[in-house]
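A short write-up of the structure that comes next.
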Amino acid sequence: MADFTKIKGVFAKDTVLRSGISDVQSYIGYPQADIYGLCADFENSTFTRLAGAVGKTGGTDFSSIAPWSGMRRCVLADNGTVNAYYGEQGYVEDGTAGQVMVEIPKFYYRVVPLKLQKNTDYTGAMGYHLLKALYYISSTPKNGFEVHPLFRIGNRVISKAYISAYEGCIYDVSAGVYLQEDEQVADFTAGTGDKLSSIAGVKPCSGLSQQLTRPNVRTICHNRGTGWEMQTIQAVCAINLLFMVEYGNCNWQYSIGMGISSMASSDRPSYVGSTSSLGNVAGNATSTKDWQGNTQTASGKVAISYRGIENFFSNLWKFIDGINVYGDGTMGGGQLFICTDAQYIDSKITDNYVSCGFTSANANNYLKYFGYGNKKFDWLFFVSKTGDGANSYQPVGDYCWSVANFDGTGYASMSGVYAYGHSDGGFTTGTNTNINAFAQNTGARLIYIG
C-alpha cells in the first residue's frame with residue numbers, strides 16, 4: 001500500500017518548489033513567449049522590455065498578439081450583444097446599430113515591486129512610492145498571475161469588457177435623438193432620463209451649464225441598462241497597463257501623439273469620430289473638427305486613437321468611477337478608496353470601498369512615482385509623488401492636479417484637456433473635493449461590464 005504521508009509530503013514540497021520558481025521567474029524574467037513584460041525603473045527613468053516583449057515595437061508587432069489582437073471596435077446593443085465588428089456588414093458609427101465600443105478580452109497580469117520607498121512627505125502620509133517594478137501580461141492563466149480586476153466584478157469573472165470608442169455624448173430619450181452639438185438640456189432622471197452614448201461625428205457632452213456631475217453621469221449610464229457604467233478606475237488602469245507593456249514606456253504623447261492638447265484655453269472640446277478610419281489600430285487622425293467646426297490638422301489639434309479608443313487622454317477631463325478620495329487635511333492629496341464590487345456610491349469609504357493603502361501627492365506637478373500600498377491593489381496607477389526632477393518626458397511625462405491637504409471626500413478624473421499641452425496623458429489625474437462639480441472641460445466615457 002502506498003505511503004500517503006510521504007506522497008503528501010512530496011506534493012507539499014512540489015507546491016513550495018513551484019512557488020519558489022514563480023518568485024525567481026518574477027525577478028529574472030519568464031521564458032514563455034506568451035508572457036509580455038516591462039521593467040519600469042521610475043527612479044532612473046529607464047524602461048526595459050521583458051519576456052515575449054523583447055525585441056518588439058508597439059503597434060504592428062502586437063497586432064497579432066493576445067490580448068492586444070482582440071481589442072476591436074464593435075457596435076454593442078444595450079443588452080450587451082455585439083451587432084457587428086469593425087469591417088463587418090452592419091457596422092456603423094451613428095448609433096443606429098448600437099453604441100460604438102472597443103472589446104477588450106480578459107487578460108491576466110502580475111506586478112512585482114522591486115524597490116519601494118516609505119512615503120514620509122507629510123504628516124499623514126501612508127504607504128510607499130513605487131521606485132521600480134516589473135509588469136507582466138498574459139492572455140492565459142500563469143502561475144502567480146491574476147485576472148485583471150477590470151474583468152472581476154465582485155466574485156464573478158467576465159470574459160470581455162467594453163470601453164467606448166468615443167467620449168460620451170447624450171441620447172435625448174424624450175426627443176428620440178442624439179444631442180450632436182452638446183446641447184445643455186440633459187435629463188438626469190434615473191430610469192426615464194437620457195443616456196450616455198458613444199457615436200462618431202458629434203460634440204462630446206460637457207458641463208458647460210448643465211449639471212454633468214459624476215453622480216449624474218452615473219445615472220445616465222445606468223439609464224442605458226444593466227452593466228453600463230462610466231469608465232472605472234479598473235478600466236483606466238487596464239488600458240494604461242496594456243499601453244505601457246506594448247510601447248515599452250509610460251509616455252502616451254511620445255509614443256502615439258499629442259492628442260487634442262494644444263487648443264486655446266478659451267476653446268471647447270472638439271468633435272469626436274475623426275479616427276473612425278483607423279479602426280482597431282493606433283495613430284493620429286488626419287484631421288479633426290474643432291468645436292467651431294473648423295478643420296484642424298496640426299499636431300496637438302487632432303485626435304489620437306489607441307487600438308480603437310479615441311482620445312483616451314486629452315480633449316476632455318473624464319470622470320472615473322469606483323474610486324473615492326478622502327482626507328482629513330493631513331493626508332496630502334488624500335487617501336484612495338477603491339470599490340470592489342461595482343456598487344458605486346459617492347463619498348463612501350467603508351464596506352465595499354477599501355483603502356488602497358497609500359495617499360496621493362500633495363502638490364500639482366509632473367508625476368514622479370506611483371503609490372503602492374499592498375498586493376491587492378498592485379494594479380493601481382495613481383500618483384504618490386510629484387516633482388523631484390519629473391518633467392513632461394520622464395519618467396512618465398504626465399501631470400497630476402492634486403488638492404493640497406485634501407479635507408473631506410471627493411472624486412478623481414483623468415486625461416487632461418484640450419489646452420494642457422504636454423501635461424496631458426493616460427496617467428494624468430486630477431482630484432476634486434466637490435462631488436457635485438461640473439465644468440465645460442469635463443465629460444465622461446462609457447464602459448460595459450454586463
**OP:** Apply side-chain contact (heavy atoms from CB on, under 4.5 Å) to the pair Tyr166 and Ser276, showing each step before the final yes or no.
**Re:** CA-CA 10 Å; Tyr166 303 118; Ser276 178; 3.7 Å; yes
**OP:** Answer yes if the ring centres of Phe107 and Phe151 are under 6.0 angstrom apart, and no otherwise.
**Re:** yes
**OP:** Test the Arg72-Tyr85 pair against the cation-pi criterion, namely NZ or CZ under 6.0 angstrom from the six-membered ring centroid and within 45° of the ring axis.
**Re:** yes
Subject >> Asn324 side chain reached by Thr409 side chain, heavy atoms, under 4.5 Å >> reply: no
**OP:** Answer yes or no: is there a side-chain heavy-atom contact under 4.5 Å between Phe188 and Ile220?
**Re:** yes
Original post:
Within the side chain of Ser261, is there an N or O that forms a donor-acceptor pair under 3.5 Å with the backbone of Tyr420?
Top reply: no
**OP:** Considering non-hydrogen atoms only, spot the tightest contact between Ile304 and Met258 and give its length.
**Re:** CG2-N, 4.5 Å
**OP:** Output all residues satisfying side chain to side chain donor-acceptor pair (under 3.5 Å) with Tyr399, sequence neighbours left out; order by chain, then residue number.
**Re:** none
Original post:
Hey, are the side chains of Asn249 and Ser255 touching, using non-hydrogen atoms and a 4.5 Å cut-off?
Top reply: yes
Original post:
Going by atom types alone, do Thr232 and Tyr344 pair a side-chain donor with an acceptor below 3.5 Å?
Top reply: no
Original post:
Just checking, any donor-acceptor pair under 3.5 angstrom between side chains of Arg73 and Thr275?
Top reply: yes
Original post:
For Lys348, does the NZ atom sit with more than 12 other heavy atoms under 6.0 Å from it, leaving out its own atoms?
Top reply: yes
**OP:** Could you tell me whether the side chains of Asn405 and Tyr122 share a donor-acceptor contact shorter than 3.5 Å?
**Re:** no
Original post:
To the nearest 0.5 Å, what is the distance between CG (Asn315) and OG (Ser270)?
Top reply: 5.0 Å
**OP:** Output, in order, the C-alpha distance, side-chain angles, deciding distance and verdict of side-chain contact (heavy atoms from CB on, under 4.5 Å) for Trp379 and Val111.
**Re:** CA-CA 7 Å; Trp379 52 269; Val111 176; 5.6 Å; no
**OP:** Could you label the plane-to-plane angle of the Phe370 and Phe427 rings as parallel, tilted or perpendicular, counting under 30° as parallel and over 60° as perpendicular?
**Re:** tilted
Subject >> Gap between atom SG of Cys205 and atom CG of Asp194 - 0.5 Å precision >> reply: 10.0 Å
Original post:
Are side-chain heavy atoms of Tyr411 and Asp346 found at a separation under 4.5 Å?
Top reply: no
**OP:** Go through the side-chain N and O atoms of Asn44 and Thr46 and say whether any donor and acceptor fall under 3.5 Å apart.
**Re:** no
Original post:
In Å and rounded to the nearest 0.5 Å, what is the CZ to CD1 distance from Arg110 to Ile137?
Top reply: 14.5 Å
**OP:** Could you walk me through whether Asp341 and Cys339 pass side-chain contact (heavy atoms from CB on, under 4.5 Å), step by step?
**Re:** CA-CA 6 Å; Asp341 63 1; Cys339 182; 3.4 Å; yes
Original post:
More than 12 foreign heavy atoms under 6.0 Å from CZ of Phe145: is that the case here?
Top reply: yes
Anything under 3.5 Å between a donor and an acceptor, one on a side chain of residues 112-119, the other on a protein residue two or more places apart or in another chain? List them.
unit_1	atom_1	unit_2	atom_2	d
Lys115	NZ	Glu43	OE1	2.8
Lys115	NZ	Glu43	OE2	3.4
Asn119	OD1	Asp121	N	3.0

Original post:
Can you say whether the rings of Phe42 and Tyr135 are parallel (under 30°), tilted (30 to 60°) or perpendicular (over 60°)?
Top reply: perpendicular
Subject >> Student check: side-chain heavy atoms of Gln99 and Ile199 closer than 4.5 Å >> reply: yes
Original post:
Taking C-beta and beyond as the side chain, do Gln234 and Ile338 meet within less than 4.5 Å on heavy atoms?
Top reply: yes
Subject >> Donor-acceptor contact below 3.5 Å, side chain Thr428 vs main chain Ser423 >> reply: yes
**OP:** Might you confirm whether atom NE2 of His422 has over 12 heavy atoms from other residues, nucleotides or ligands at distances under 6.0 Å?
**Re:** no
**OP:** Mind checking the CZ-CH2 spacing from Phe319 to Trp317? Nearest 0.5 Å is all I need.
**Re:** 11.5 Å
Original post:
Does any donor atom in the side chain of Asn352 or Gln343 lie under 3.5 Å from an acceptor atom in the other side chain?
Top reply: no
**OP:** Kindly compute the distance separating CG (Asn79) from CZ (Arg224), expressed to the nearest 0.5 Å.
**Re:** 12.0 Å
Original post:
Hey, what's the ring geometry for Tyr36 with Trp68, parallel, tilted or perpendicular (30° and 60° as the breaks)?
Top reply: perpendicular
**OP:** State, yes or no, whether a side-chain contact exists between Asp321 and Arg214 at a heavy-atom distance under 4.5 Å.
**Re:** yes
Original post:
Can you check whether Asp34 reaches Ser139 side chain to side chain, under 4.5 Å on heavy atoms?
Top reply: no
Subject >> Ring geometry between Trp228 and Tyr448 (parallel below 30°, tilted from 30 to 60°, perpendicular above 60°) >> reply: tilted
Subject >> Criterion salt bridge (Lys or Arg N to Asp or Glu O under 4.0 Å) on Arg268 and Asp182, from CA distance to verdict >> reply: CA-CA 10 Å; Arg268 297 177 190 171; Asp182 188 24; over 6 Å; no
Original post:
Would one find more than 12 heavy atoms of other residues, nucleotides or ligands at under 6.0 Å from atom NZ of Lys132?
Top reply: no
**OP:** Return yes if some donor-acceptor pair links the side-chain N/O of Thr431 with the main-chain N/O of Val403 below 3.5 Å, else return no.
**Re:** yes
**OP:** Could you tell me the separation between the CD atom of Gln394 and the OH atom of Tyr366, rounded to the nearest 0.5 Å?
**Re:** 12.5 Å
Subject >> Distance-only donor-acceptor check, side chains Thr330 and Thr123, under 3.5 Å >> reply: no
Original post:
Phe62 and Lys56: side-chain contact (heavy atoms from CB on, under 4.5 Å), yes or no, with the steps?
Top reply: CA-CA 8 Å; Phe62 282 79; Lys56 290 183 170 55; 3.8 Å; yes
Subject >> Residues Arg152, Glu146; criterion salt bridge (Lys or Arg N to Asp or Glu O under 4.0 Å); working and verdict >> reply: CA-CA 10 Å; Arg152 188 178 292 280; Glu146 297 180 31; 6.0 Å; no
